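Have a look at the structure below, then the notes.
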Amino acid sequence: MSSNLEYVLFKLDNEYYGIDIQNVETIEKIMSITRVPYTQDYIKGVINLRGNVVPVIDLRKRFKLEEKEYNENSRIIIVKIEDITVGMIVDSSSEVIQISNENIDEAPVLKNNSEESFVKHIAKNDEQIIMIIDLCKILGINEDVNE
């Protein structure tokens, strides 16, 4: 018997990505972001989310994609993993989908690309390919951080 996993779907550069719904707290419209000096270029700053200060990263920059102006579709997906809460700016976030285990494969490992591989699994949903992201790698959790 196959079990279904739920993912929050979002888009970057016309590609679909998924985050395990268990890690998603909320999805917000773009709001005022306060810059924090001397941080990585993909860290946009912090937001005040209902009284909590939450760091925000721009996933386009994190994935080394071309920068793009935020618009009415841009969203901040608030994720939580290992007691760390972070906002991730995406081009758009559309829906929650269920994907059965048999439609999820390990992401192919590309030579010389292992440390930058933010994609953990590849899912197939009808004709759509969805890259399931590795939040720990994107957020730099459990990695040696060079300061």
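Everything numeric here is computed off the predicted structure, so don't read it as measured data. In this chain, numbering begins with 1 at the start of the sequence shown.
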Donor-acceptor pair, distance only, cut-off 3.5 Å: does the side chain of [X] make one with the backbone of [Y]?
{"X": "Asn23", "Y": "Lys80", "value": "yes"}
{"X": "Asp134", "Y": "Cys136", "value": "yes"}
{"X": "Asn71", "Y": "Asn73", "value": "yes"}

Heavy atoms, side chains only, cut-off 4.5 Å: are [X] and [Y] in contact?
{"X": "Asp105", "Y": "Lys124", "result": "yes"}
{"X": "Ile78", "Y": "Asn52", "result": "no"}
{"X": "Glu106", "Y": "His121", "result": "yes"}

Measure the [atom1]-[atom2] distance between [X] and [Y] for me, rounded to the nearest 0.5 Å.
{"X": "Tyr16", "Y": "Gln128", "atom1": "OH", "atom2": "CD", "answer": "5.0 Å"}
{"X": "Tyr7", "Y": "Gln22", "atom1": "OH", "atom2": "CD", "answer": "9.0 Å"}
{"X": "Leu49", "Y": "Glu25", "atom1": "CG", "atom2": "CD", "answer": "9.0 Å"}
{"X": "Ile57", "Y": "Gln40", "atom1": "CD1", "atom2": "CD", "answer": "10.5 Å"}
{"X": "Arg35", "Y": "Lys44", "atom1": "CZ", "atom2": "NZ", "answer": "5.5 Å"}
{"X": "Thr26", "Y": "Arg50", "atom1": "OG1", "atom2": "CZ", "answer": "5.0 Å"}

Is there a path of hydrophobic side-chain contacts, each under 4.5 Å between heavy atoms of I, L, V, M, F, W or Y residues, that connects [X] with [Y]?
{"X": "Ile77", "Y": "Ile133", "answer": "yes"}
{"X": "Val79", "Y": "Val53", "answer": "no"}
{"X": "Val56", "Y": "Tyr70", "answer": "yes"}
{"X": "Val36", "Y": "Val54", "answer": "no"}
{"X": "Val46", "Y": "Ile138", "answer": "no"}

Subject >> Candidates Ile30, Asp58, Val86 - the one meeting side-chain contact (heavy atoms from CB on, under 4.5 Å) with Ile76 >> reply: Ile30
Original post:
Of the options Ile104, Ile99, Asp20, which is the one that meets Leu5 in a side-chain contact (heavy atoms from CB on, under 4.5 Å)?
Top reply: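 Single pass found, and it is Ile104.
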**OP:** Applying side-chain contact (heavy atoms from CB on, under 4.5 Å), run through Arg75 and Glu28 and close with a yes or a no.
**Re:** CA-CA 6 Å; Arg75 293 290 181 267; Glu28 304 288 333; over 6 Å; no
**OP:** Give the minimum heavy-atom separation between Ile27 and Val24, together with the two atoms involved.
**Re:**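 Looking at all heavy atoms of both residues, the shortest contact is CG1-CG1, 4.4 Å.
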**OP:** Indicate the atoms forming the closest heavy-atom contact of Lys137 with Phe118, along with that distance.
**Re:** O-CE2, 3.6 Å
Please tabulate, one pair per line, all N/O donor-acceptor pairs under 3.5 Å involving side-chain atoms of residues 89-98, not counting sequence neighbours.
residue : atom : partner : partner atom : Å
Asp91   : OD1  : Arg60   : NH1          : 3.1
Asp91   : OD2  : Asp13   : N            : 2.9
Asp91   : OD2  : Arg60   : NH1          : 2.5
Ser93   : OG   : Leu9    : O            : 3.1
Gln98   : OE1  : Asn4    : ND2          : 3.2
Gln98   : NE2  : Glu6    : OE2          : 3.4

**OP:** Determine the interplanar angle of the Tyr17 and Phe63 rings, folded into 0 to 90°, and report it as parallel if under 30°, tilted if 30 to 60°, perpendicular if over 60°.
**Re:** tilted
